[in-house]
Amino acid sequence: MKKCLFLLLLTPLFIKTSAQNDNMTYDPNKALMVTIGAGAGYNDYKHLNNRLDDAGILTVGKFSISNMLEADMRMKNLLIGLGTGMNLSARKNDDYKTWLMSFYGGAHAAYYIANSKNFHFGPQLGIGAYGSFVKITERNGHNNFNDLITSGNSTTISQYTPALDFALRFDFADFSKSKTGVAGLRLGYRLGLSNRGWGDDAGTSVVDGSPKDRIGQFYAMATIGLTALKPNNWRGMKNMH
C-alpha cells in the first residue's frame, strides 16, 4: 500500500518531465559538431631528401596516410573549432628503413557559402603548429646482439614550425535534426610559415648546416561525424533538476 501511494505521489513529476521532453525545442543555428577523417597526404621534404640521396640513404616518402579529428561550434553558417591530425609514411630497402611521422594541431574558422538542407560547402582557414619526425635505421651490419644495441645504427631528426591550414569542406547532413550524422570530404593545403632546418629528436635546436624545408602539404580525406543542436530550454531543464 505504501509503495502504491509513493508511486501515485511521483506520477505528477513523471508527467511534467515527459511533457517537457515532448516539448523540447532546439536552435537550428547553434550546434556542436565532432568530425574524424582519414585519407592521404603529399609533402616533399625536398632539401632533406636531396641531402639523404647524396649520402646514399633512403629518402623520406612523399605520400603519407593521414587522419584528423575536429570539434566545432556551428553558429548558422559560421564554424569555429579546434583540430589535430597525423601523417605516417614508411619506406625500406635492403639497407635502410626511413619513417616519417608528422603532427598538426591548431584552431580554425570556416564559413558555409552553400548551406542547403543536406549539402554544406565552404572554405576553412586555420593556424597552428606542425611537427615532423624522421627516423632512419640501418638494417644491416650487425654481427651479434651486442653489436646491434651498441652500434647506434638509428637516428631521429625533427622539425617544428608554425603553419597555416587552408581547406575546402564538403559536408552532407540535415542540420534541422536535433542529432544527426555527418559525412563529407576535406581537401586542404598546409603551409609552413618558416623555412626551418632539422634538429635532434628532442626538437630543442636546429643543427648547423642542416637542410631547410618549408612545409607544403596537400591532403584529401573522407570525413564522418556527429552533430547535435543546442536545446532552447536548456536552462529550464537544469532548473527542473
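Nothing fancy with the numbering, it's 1 onward along the sequence.
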J.: Phe172 and Phe119: side-chain contact (heavy atoms from CB on, under 4.5 Å), yes or no, with the steps?
T.: CA-CA 5 Å; Phe172 300 89; Phe119 175 69; 3.3 Å; yes
J.: Output all residues satisfying side chain to side chain donor-acceptor pair (under 3.5 Å) with Thr180, sequence neighbours left out; order by chain, then residue number.
T.: none
J.: Counting only heavy atoms not in Asp94 (residues, nucleotides, ligands), do more than 12 fall under 6.0 Å from its CG?
T.: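 Not more than 12 within 6.0 Å, no.
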J.: Test: side chain to side chain donor-acceptor pair (under 3.5 Å). Region: residues 49-61. Which pairs qualify, not counting sequence neighbours?
T.: Thr59-Arg91
J.: Do Pro123 and Ile113 touch side chain to side chain, with heavy atoms closer than 4.5 Å?
T.: yes
J.: Within this structure, what is the CZ-CG distance for the pair Phe121 and Asn115, rounded to the nearest 0.5 Å?
T.: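 The CZ atom of Phe121 sits 12.0 Å away from the CG atom of Asn115.
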J.: With side chains defined as the heavy atoms from C-beta onward, is the minimum distance between Leu100 and Tyr45 less than 4.5 Å?
T.: yes
J.: Among all residues two or more places apart in sequence or in another chain, which pass the side chain to side chain donor-acceptor pair (under 3.5 Å) test with Asn195?
T.: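 By the side chain to side chain donor-acceptor pair (under 3.5 Å) rule, Asn195 matches no residue at all.
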J.: List in chain and number order the residues that pass salt bridge (charged side-chain N to carboxylate O under 4.0 Å, His left out) with Arg74, two or more places apart in sequence or in another chain; answer none if no residue qualifies.
T.: none
J.: Quick one: list whatever passes salt bridge (charged side-chain N to carboxylate O under 4.0 Å, His left out) with Arg190, sequence neighbours left out.
T.: Asp165
J.: When the ring planes of Phe166 and Tyr189 are compared, do they come out parallel, tilted or perpendicular, using 30° and 60° as the limits?
T.: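 Geometry flag for Tyr189 against Phe166: parallel rings.
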J.: If you take the centroid of each ring, where Trp contributes its six-membered ring, are Phe133 and Tyr160 closer together than 6.0 Å?
T.: yes
J.: Is Met33 reachable from Ile80 through a run of hydrophobic residues whose side-chain heavy atoms are each under 4.5 Å from the next?
T.: no
J.: Show your reasoning for whether side-chain contact (heavy atoms from CB on, under 4.5 Å) applies to Trp198 and His47.
T.: CA-CA 11 Å; Trp198 295 80; His47 296 96; over 6 Å; no
J.: Can you name the nearest heavy-atom pair linking Ser102 to Ser132, along with the distance?
T.: CB-OG, 3.9 Å
J.: Taking salt bridge (charged side-chain N to carboxylate O under 4.0 Å, His left out) as the test, write out the residues that go with Asp44, two or more places apart.
T.: Lys62
J.: I'd like to check the side chain to side chain donor-acceptor pair (under 3.5 Å) partners of Thr161; sequence neighbours left out, ordered by chain and number.
T.: Ser194
J.: Compare every heavy atom of Ala31 with every heavy atom of Leu229, then report the nearest pair and how far apart it is.
T.: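 Nearest pair, atom of Leu229 first, then Ala31: CD2-CB, 3.8 Å.
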J.: Show your working on side-chain contact (heavy atoms from CB on, under 4.5 Å) between Lys117 and Asp174 and close with a plain yes or no.
T.: CA-CA 6 Å; Lys117 182 179 180 181; Asp174 184 355; 3.3 Å; yes
J.: Roughly how far apart are Leu79 CG and Thr35 OG1, rounded to 0.5 Å?
T.: 9.0 Å
J.: So, do Gln159 and Tyr130 sit near enough that their side-chain heavy atoms are less than 4.5 Å apart?
T.: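 No, their side chains stay 4.5 Å or more apart.
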J.: Can you check whether Glu138 reaches Asp95 side chain to side chain, under 4.5 Å on heavy atoms?
T.: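 A side-chain contact under 4.5 Å is absent here.
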J.: Atom CD of Glu70 and atom CZ of Arg169: how far apart are they, to the nearest 0.5 Å?
T.: 5.5 Å
J.: Any pair with a residue in residues 73-114 that passes ring-ring contact (aromatic ring centres under 6.0 Å, His included), sequence neighbours left out, goes on the list, sorted by first then second residue, please.
T.: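 Only Tyr112-His120 qualify under ring-ring contact (aromatic ring centres under 6.0 Å, His included).
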J.: If hydrophobic residues (ILVMFWY) are linked whenever their side-chain heavy atoms come closer than 4.5 Å, directly or via other members, who joins Met73 in its cluster?
T.: Leu32
J.: Tell me every residue that passes side chain to side chain donor-acceptor pair (under 3.5 Å) with Thr137, counting only those two or more places apart in sequence or in another chain.
T.: Ser154
J.: Taking the side chain as C-beta and beyond, is there a heavy-atom pair between Ile157 and Leu48 under 4.5 Å?
T.: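 Heavy-atom side-chain distance check passes, below 4.5 Å.
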J.: If I compare all heavy atoms of Ala220 with all of Leu187, which pair ends up nearest, and what's the gap?
T.: CB-CD2, 3.6 Å
J.: So do Val60 and Leu52 actually touch side chain to side chain, heavy atoms under 4.5 Å?
T.: yes
J.: Give the cluster check for Tyr42 versus Leu191: same hydrophobic cluster or not, with ILVMFWY residues linked at side-chain heavy-atom distances below 4.5 Å.
T.: yes
J.: Got Lys179 and Tyr26 here, is their nearest side-chain heavy-atom distance under 4.5 Å?
T.: no
J.: To the nearest 0.5 Å, what is the distance between CE (Met86) and CD1 (Ile65)?
T.: 9.0 Å
J.: Would you say CD1 of Ile224 has more than 12 non-hydrogen atoms from neighbouring residues, nucleotides or ligands within 6.0 angstrom?
T.: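 At most 12 heavy atoms, drawn from other residues, nucleotides or ligands, come within 6.0 Å of this atom.
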J.: Given side-chain contact (heavy atoms from CB on, under 4.5 Å), test Thr223 with Met68 step by step and report yes or no.
T.: CA-CA 9 Å; Thr223 62; Met68 55 161 275; 4.1 Å; yes
J.: Taking only residues at least two apart or on different chains, which pairs with a member in residues 206-228 satisfy salt bridge (Lys or Arg N to Asp or Glu O under 4.0 Å)?
T.: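 Found none.
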J.: How long is the gap from OG1 on Thr98 to NZ on Lys135, to the nearest 0.5 Å?
T.: 11.5 Å
J.: Measure across Ala107 and Leu82 and return the closest heavy-atom pair with its distance rounded to 0.1 Å.
T.: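 That closest heavy-atom pairing would be CB-CD2, 3.8 Å.
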J.: Check for me, please, whether Ile36 and Leu185 land in the same ILVMFWY cluster - side-chain distances under 4.5 Å, paths through other members count.
T.: no
J.: How far apart are the closest heavy atoms of Ala173 and Gly181, and which atoms are they?
T.: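 Answer, listing the atom of Ala173 first, then Gly181: CB-O, 3.4 Å.
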J.: Write down the atom of Ser66, the atom of Asn87, and the distance for their closest heavy-atom approach.
T.: OG-OD1, 2.6 Å
J.: Linking directly or through intermediates, with side-chain heavy atoms under 4.5 Å: list the remaining ILVMFWY members grouped with Leu226, chain and number order.
T.: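 Reading the cluster by chain and number, Leu226 sits alone, since nothing else belongs.
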